[in-house]
Amino acid sequence: MTGFTAALWTEALKAARSRMPWLTALGFSLAPLMGGLFMLILKDPVRARRFGLVSAKAQITAGAADWPAYFALLAQAVAVGGLIVFALIAIWVFGHEYTDRTVIDLLALPTSRLAIVGAKFVVVASWCAVLMALVYALGLVVGAMVGLPGWSLALAVGSAGQLVATAGLTVVLITPFAWAASAGRGYLPPIGAVFLVLFLSQVIAALGWGAYFPWSVPALFSGVAGPGVRDLGLGSYLLVMLTGVVGVAGTLAWWWLADQP
Amino acid sequence: MDRAIVTSDLTKRYGNATAVDRLSLQVREGEIYGFLGLNGAGKTTTIRLLLGMIRPSEGSAWVFGVRVHPGALDLWSRVGYLAETPSAYPELTVRENLEVFRRLRRVGDPKAVEQAIERLGLGPHADRHAGTLSLGNRQRLGLARALLHEPALLILDEPVNGLDPAGIVEVRALLLELVHQRGVTVFMSSHLLSEVARIATRIGVIHQGRLIEEIDTEELERRRRRWLVVDTRNQRAAQSILEAAGFAVAAGEDGELVVTGERAVACPDEVARLLVERNVGLTRLSVEQEDLESYFLRLIGAARGGER
């Protein structure tokens, strides 16, 4: 892919100069902060009763106020919230070229269009990885401040792996939204697609078919349906990979083959 | 002379609508080709076909002997272009916008950015965010981006859109300098014949997707209609005298006499002599020429007024 390094540099600059990194970091920081709040409530039953409904919700999702429960909560937040935040990143990275009408300037260059699309995907994945690291680091700080019991290095490493795997599955699944942002020439069509997918993933998971709907897989993997309910076979993971491949291939093909505005 | 651009039966259809219809044109290296048409005539579609942004339904386009396609990377390193609506990354400064394209255009010399800023007079705005620029300065930024890599061919879609009169003169001078001193070929679209005629060496007129005329600018001068305007103390008598002498005379909108035909334009002195000999006082005698916009409208069959 001719010009990939140049494309990567320019995509990184565009991302760094936008407000989106700060907004997504702010949005994603809510996960460890809210998780910490739940843990704080669970730790103090008197306060839990005072908070009523919030306490009940915390009981359902977290169970107990300790490090394993807190890490599990973070993984679930990454699975569900990550789909929204990561998708917004992909939609911005691809969609702003159409809303700013700058895509025209990228189409007849000595740098291949494929290099530009590839660089965009690398920036999206790196951006998501940084957010993931931020959530984990913030989670460690918040958990320590709350004073959760049950800490061990093995647990911390294992939970980090769980978070990375959940985020990795989610990142793979956002590639079709990059395609939708390109084909839809802006933000609204892919955002609509995100809402549709979120709705379908909830409904399909509730019906018990989540293992066969790729966008339900990260949530099931994170244990959102309960500690014992991670009955995902190889087929589910292959489905996720296939979705990712289709998203990348579709985006590349669109930039290469389709009539541009 | 080598050809910078050749199109052969280039056609683009969107459903039942034909945006460009069997367009065949040739642009010679080192010339300024003005591509003229009304809004919606097919100019921008043609330019996008030339840049490989859209695929032709039929026919083909060749630039510097290379068939246009998205992967013609070596070709694109010789072509600079400016889209109809100047765009830029609003959150990047002018300098950063140019730096982005210096890298994407694989220009090795980092000084190219400063040179482009200087050439287009963008110095005072270099560190401003592009999103805060006026339309005229965005257009300058677009031109700076198009020139960054010293291209051999410039494809410009309405390059003086949004520029003030001083900016238009500057851009005109810049394009002429590029052509005369560096041998750059320019293909520029416009809907203003008067603007194109000032610098173009050849003009192609597109209407409803079809190339209806291709003409050298010198020939354009010869094709424009000319006529003789006559005012006298006695218009009725003057008309009779001239008609008797075989001239075609009509009354103008403001009561003046309009004498048409080669003879009248070539020999206004004969008209003067005829009238003076018959004691008709002559108060005005002038050869007038069809203005460029009227010629253009006549050419595309859409003249709605001002045509004599």
Side-chain angles (χ1 to χ4, degrees), chain A residues 1-24 92-120 123 182-183 185-187 251-261, chain B residues 12-14 19 44-45 47-57 63 68-93 96-97 99-108 129-131 138 141-142 145-146 148-149 151 153 155 157:
Chain A
M1 286 197 286
T2 310
F4 181 76
T5 311
L8 193 57
W9 185 90
T10 61
E11 290 306 321
L13 178 70
K14 288 182 229 171
R17 288 284 183 273
S18 81
R19 292 193 197 103
M20 282 300 285
W22 300 107
L23 291 175
T24 52
W92 181 82
V93 165
F94 284 87
H96 84 94
E97 303 287 2
Y98 290 89
T99 51
D100 292 337
R101 299 184 62 79
T102 43
V103 65
I104 283 174
D105 303 318
L106 298 176
L107 298 174
L109 295 173
T111 295
S112 161
R113 297 180 193 179
L114 302 184
I116 290 168
V117 173
K120 284 183 179 295
V123 165
S182 305
R185 294 173 180 176
Y187 301 133
T251 312
L252 286 170
W254 178 266
W255 276 65
W256 188 259
L257 297 172
D259 284 353
Q260 299 295 331
Chain B
K12 183 64 186 177
R13 290 189 205 93
Y14 294 100
T44 298
T45 305
I47 283 180
R48 288 180 181 173
L49 286 163
L50 291 177
L51 291 167
M53 294 175 183
I54 53 178
R55 286 167 187 269
S57 308
V63 175
V68 170
H69 66 99
L73 304 185
D74 289 338
L75 171 61
W76 303 134
S77 66
R78 299 178 67 193
V79 178
Y81 64 96
L82 175 70
E84 188 181 10
T85 312
S87 56
Y89 295 108
E91 285 134 351
L92 303 188
T93 64
E96 285 170 338
N97 264 285
E99 180 61 22
V100 160
F101 284 92
R102 181 186 73 79
R103 290 176 184 245
L104 292 176
R105 287 213 164 270
R106 298 158 75 190
V107 177
H129 287 128
R138 278 212 306 278
L141 174 56
R145 199 171 48 211
L148 201 56
H149 54 301
L153 170 64
I155 296 179
D157 198 358

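In what follows, chains are A, B, ... by sequence order, proteins preceding strands, each numbered from 1.
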**Study point:** Distance (rounded to the nearest 0.5 Å) between A:Leu109 CG and B:His149 NE2
**Key:** 8.5 Å
Practice item. Considering non-hydrogen atoms only, spot the tightest contact between A:Asp100 and B:Pro90 and give its length. Key: OD2-CD, 3.5 Å
Practice item. Output the distance between atom CZ (B:Arg48) and atom CG (A:Asp259), rounded to the nearest 0.5 Å. Key: 10.5 Å
Point to revise | Side chain, backbone, both or neither of B:Tyr81 within contact of chain A (heavy atoms, under 4.5 Å) | key: side chain
Review point. Measuring heavy-atom distances to chain A, does B:Ala146 have an atom under 4.5 Å in its side chain, in its backbone, in both, or in neither?
Key: neither
Review point. Which residue out of A:Ala6, A:Ala7, A:Pro110 racks up the most heavy-atom pairs below 4.5 Å with chain B?
Key: A:Pro110
Point to revise | Test side chain to side chain contact (heavy atoms under 4.5 Å, CB included) applied to A:Ala183 - qualifying residues, sequence neighbours left out | key: A:Trp179, A:Trp254
**Study point:** Partners passing side chain to side chain contact (heavy atoms under 4.5 Å, CB included) against B:Arg138 (at least two apart in sequence or in another chain)
**Key:** B:Pro86, B:Leu133, B:Leu135
**Study point:** 4.5 Å side-chain heavy-atom contact, B:Pro70 and A:Leu107
**Key:** no
Review point. For A:Trp256, is it the side chain, the backbone, both, or neither that has a heavy atom closer than 4.5 Å to a heavy atom of chain B?
Key: both
Check your understanding: If you round to the nearest 0.5 Å, how far is CZ of B:Arg103 from CG of A:Leu8?
Key -> 11.0 Å
Review point. Taking all atoms of both residues into account, what is the closest heavy-atom pair of B:Ser87 and A:Thr102, and its distance?
Key: OG-CA, 3.9 Å
Practice item. Could you tell me which residues satisfy side chain to side chain contact (heavy atoms under 4.5 Å, CB included) with B:Ala19, sequence neighbours excluded, listed by chain and number? Key: B:Tyr14, B:Thr45
Check your understanding: Can you tell me how far the CZ atom of B:Phe101 sits from the OG1 atom of A:Thr10, to the nearest 0.5 Å?
Key -> 8.0 Å
Review point. Which members of residues 11-21 of chain A, sorted by number, sit under 4.5 angstrom from chain B on a heavy-atom basis?
Key: A:Leu13, A:Lys14, A:Arg17, A:Ser18
Check your understanding: Does A:Thr111 offer a backbone N or O that forms a donor-acceptor pair with the side chain of B:Arg106 under 3.5 Å?
Key -> no
Review point. For the atom pair CG (B:Leu51) and CD1 (A:Ile104), what is the distance rounded to the nearest 0.5 Å?
Key: 9.5 Å
Check your understanding: Is it the case that more than 12 heavy atoms not belonging to A:Arg101 sit under 6.0 Å from its CZ atom?
Key -> no
Point to revise | Part of B:Arg145 within contact of chain A (heavy atom distance under 4.5 Å) | key: side chain
